[in-house]
Amino acid sequence: MPVTHKFDEFALRPSRFARPAPMSAADALGSRMPLQDLGADLVEELARVGWDVPSLGVEIRTYGRGSNLVTRVASVVGSTEAGPFELHFRGSQGLSDGYHVPTGLNQLLLPEGWKLAYHEDGSRSAERFRGTEKDWSSPHRSYVDGWHQVNDAGPVFWERRTAEARRLVGEVLERLRRTPAAEASPVDAQGFDAALRGLIAIEPQPVPEGFPALYVWERRDELGDAGLPPWRRGERSENDYVLAGNGKRLVALGDARGPLPRRATDGFTYASTDPNAKVVAPGWHTREDALPVEVKLAALNEVYVVDAEAYDAERRTVEAEAFEAGQKELTGVQISRPYRAVALTMVPAAEYPGGYVNPLVLIGRQLHADEARVMSGPVTVSAEDGRVGATMRDSVSGLELRLFEPEEIRRGSVREARRIAGRVAETLGVRMLECGLPEEANAPALVF
């Protein structure tokens with residue numbers, strides 16, 4: 001089984017590798033997570049044999065935020081003569097640059113049908129599998145139906161299960177110790193040896209010539225600090241990005257019925273080639289006080305395209321069917337259909353053939369200042385043809401961006417245009433102008 005790397009939204013970003021803390025068996029058995037010592041030994045043996053072991057599946061995961069990213073062994077899976085097993089490293093072993101790093105082995109699925117968890121707070125949980133053979137043979141057996149919570153697990157129960165768990169991990173260790181060592185490779189400053197670095201390396205996908213600039217509208221509280229004026233930036237490395245790449249899910253987990261593209265249930269940053277489109281995830285609405293961001297991609301990794309028209313068309317069909325049937329509300333299946341329809345149009349941006357009615361770009365990785373820029377320039381509240389709106393003229397591109405869509409002049413609409421324009425101007429540290437507002441716009445609101 002291959003080594004897999006789950007990097008979530010951190011493709012192409014550097015990280016450091018965290019190994020489990022070594023400890024003695026006595027110290028581990030006296031701790032809240034009594035398998036930590038074996039987990040540390042297991043990772044060391046995997047490194048010794050070059051990580052890629054045919055009989056074991058090793059999952060490496062990168063997580064964090066900004067440039068404070070950690071890579072670790074997340075799980076080891078395989079089988080013995082008794083059946084399949086899973087070993088999960090989810091227990092915190094202390095802080096590393098402000099993060100609780102889950103490098104401790106603390107959750108297992110045993111071949112005998114036990115699922116055990118040793119939690120950091122000292123609590124423990126156990127489940128027993130009583131489902132079908134088909135479910136047990138599933139690669140997702142940890143999540144299938146058929147698991148039943150054990151509610152009367154006392155000290156004797158846990159003593160036995162812990163002994164079984166340690167025996168299993170010991171067998172895996174012995175198997176590895178009988179494997180010849182790979183050629184030794186140096187460990188770099190970030191803690192990676194050359195073998196692991198080579199196995200999880202991600203090559204940038206080139207951006208074709210003529211690929212357009214993209215535009216994102218994002219709320220201030222969902223932006224990193226890197227795109228903001230210097231006086232608004234913090235000093236934490238977790239915040240030195242512009243766009244997170246993990247916003248609203250394209251398809252909610254509860255609506256994921258049937259086969260879907262690999263990342264369909266992930267969160268994304270949503271973008272358009274139209275600077276004033278203010279696109280969001282299908283089924284959602286943007287906030288008027290969002291800030292515009294220009295994106296010029298340096299690589300197409302984890303960037304996708306969907307046809308938002310597929311959502312709209314299926315939504316219209318579902319609503320027509322519900323109206324015809326006299327339904328007062330949509331069923332769960334009906335609600336999920338438009339999300340499924342748009343997800344099935346999902347293709348990597350590098351493979352997009354063109355032709356979508358309403359193409360929507362999904363950015364599934366974190367973007368820093370080398371690929372994204374919060375647009376900034378003077379803000380104007382103005383009135384024309386009896387309507388009031390608010391715009392910003394970007395000082396770099398010269399584009400005029402609509403902060404507040406024009407509305408009929410009323411006291412409420414003028415007040416709202418001023419509020420939004422003022423918030424954007426204050427956030428970006430730019431000047432705010434007013435132009436052509438009628439005298440009555442400044443009159444106090446009537447009080448009843």
Side-chain angles (χ1 to χ4, degrees), residues 212-236 239-244 247-248 269-280 284-296 363 367-447:
L214 302 172
Y215 299 91
V216 172
W217 287 75
E218 195 68 277
R219 289 164 42 185
R220 164 63 188 95
D221 57 358
E222 293 183 352
L223 286 169
D225 287 352
L228 299 176
W231 65 88
R232 290 205 173 276
R233 299 175 191 169
E235 297 181 355
R236 291 172 60 85
N239 297 327
D240 64 354
Y241 63 94
V242 179
L243 293 168
K248 298 291 186 189
T269 291
Y270 296 85
S272 170
T273 56
D274 179 355
N276 283 301
K278 296 186 179 181
V279 294
V280 290
W284 295 85
H285 301 283
T286 189
R287 270 182 30 178
E288 287 285 358
D289 55 353
L291 297 173
V293 182
E294 180 186 63
V295 174
K296 293 185 176 180
I363 301 171
L367 299 186
H368 289 240
D370 58 342
E371 294 184 284
R373 174 183 66 88
V374 176
M375 305 171 83
S376 179
V379 172
T380 303
V381 179
S382 61
E384 185 177 355
D385 298 330
R387 302 175 74 82
V388 63
T391 59
M392 180 175 72
R393 177 76 64 179
D394 180 45
S395 59
V396 175
S397 66
L399 289 172
E400 184 173 87
L401 303 153
R402 294 193 298 270
L403 304 177
F404 180 79
E405 298 293 335
E407 287 188 6
E408 180 183 348
I409 292 178
R410 305 184 311 275
R411 286 173 184 153
S413 61
V414 172
R415 184 169 59 249
E416 185 67 2
R418 283 172 166 162
R419 182 189 70 80
I420 291 170
R423 179 176 291 184
V424 171
E426 193 271 336
T427 298
L428 299 177
V430 297
R431 68 183 186 275
M432 175 177 159
L433 309 172
E434 293 190 359
C435 177
L437 294 181
E439 199 60 40
E440 58 267 27
N442 296 314
L446 297 177
V447 179

Distance, nearest 0.5 Å, that separates [atom1] of [X] from [atom2] of [Y]:
X    : Y    : atom1 : atom2 : answer
E407 : E416 : CD    : CD    : 8.0 Å
T391 : L399 : OG1   : CG    : 12.0 Å
L214 : E371 : CG    : CD    : 10.5 Å
Y215 : T273 : OH    : OG1   : 9.0 Å
I420 : F404 : CD1   : CZ    : 5.5 Å
H368 : D370 : NE2   : CG    : 7.5 Å

Judged by atom type as modelled, is there a donor-acceptor pair below 3.5 Å linking the side chain of [X] to the main-chain atoms of [Y]?
X    : Y    : value
K278 : L403 : yes
T380 : S382 : no
R393 : G398 : yes
W217 : Y270 : no
D240 : A369 : no

Do you know the tightest heavy-atom contact between [X] and [Y]?
X    : Y    : answer
A421 : A390 : CB-CB, 4.0 Å
T269 : L243 : CG2-CD1, 4.1 Å
G377 : M392 : O-CG, 3.3 Å
S272 : A277 : OG-CB, 3.7 Å
A271 : I363 : CB-CD1, 4.1 Å

With a cut-off of 3.5 Å and sequence neighbours excluded, list every side-chain donor-acceptor pair involving residues 223-234.
residue	atom	partner	partner atom	Å
D225	OD2	G234	N	2.8
R232	NE	T427	O	2.8
R232	NH2	E426	O	3.1
R232	NH2	E426	OE1	3.2
R232	NH2	E426	OE2	2.6
R233	NE	L228	O	2.6
R233	NH2	L228	O	2.9

Flag yes if more than 12 heavy atoms outside E405 fall under 6.0 Å of its CD atom; otherwise flag no.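 Buried by this count: over 12 neighbours within 6.0 Å.
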Apply side-chain contact (heavy atoms from CB on, under 4.5 Å) to residues M375 and R373 and explain how you reach the verdict. CA-CA 6 Å; M375 305 171 83; R373 174 183 66 88; 4.0 Å; yes
Any carboxylate oxygen within less than 4.0 angstrom of a Lys/Arg side-chain nitrogen, looking at R387 and E408?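 Salt bridge absent between R387 and E408.
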Are the side chains of L433 and V379 in touch, meaning some heavy atoms are under 4.5 Å apart?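 A side-chain contact under 4.5 Å is absent here.
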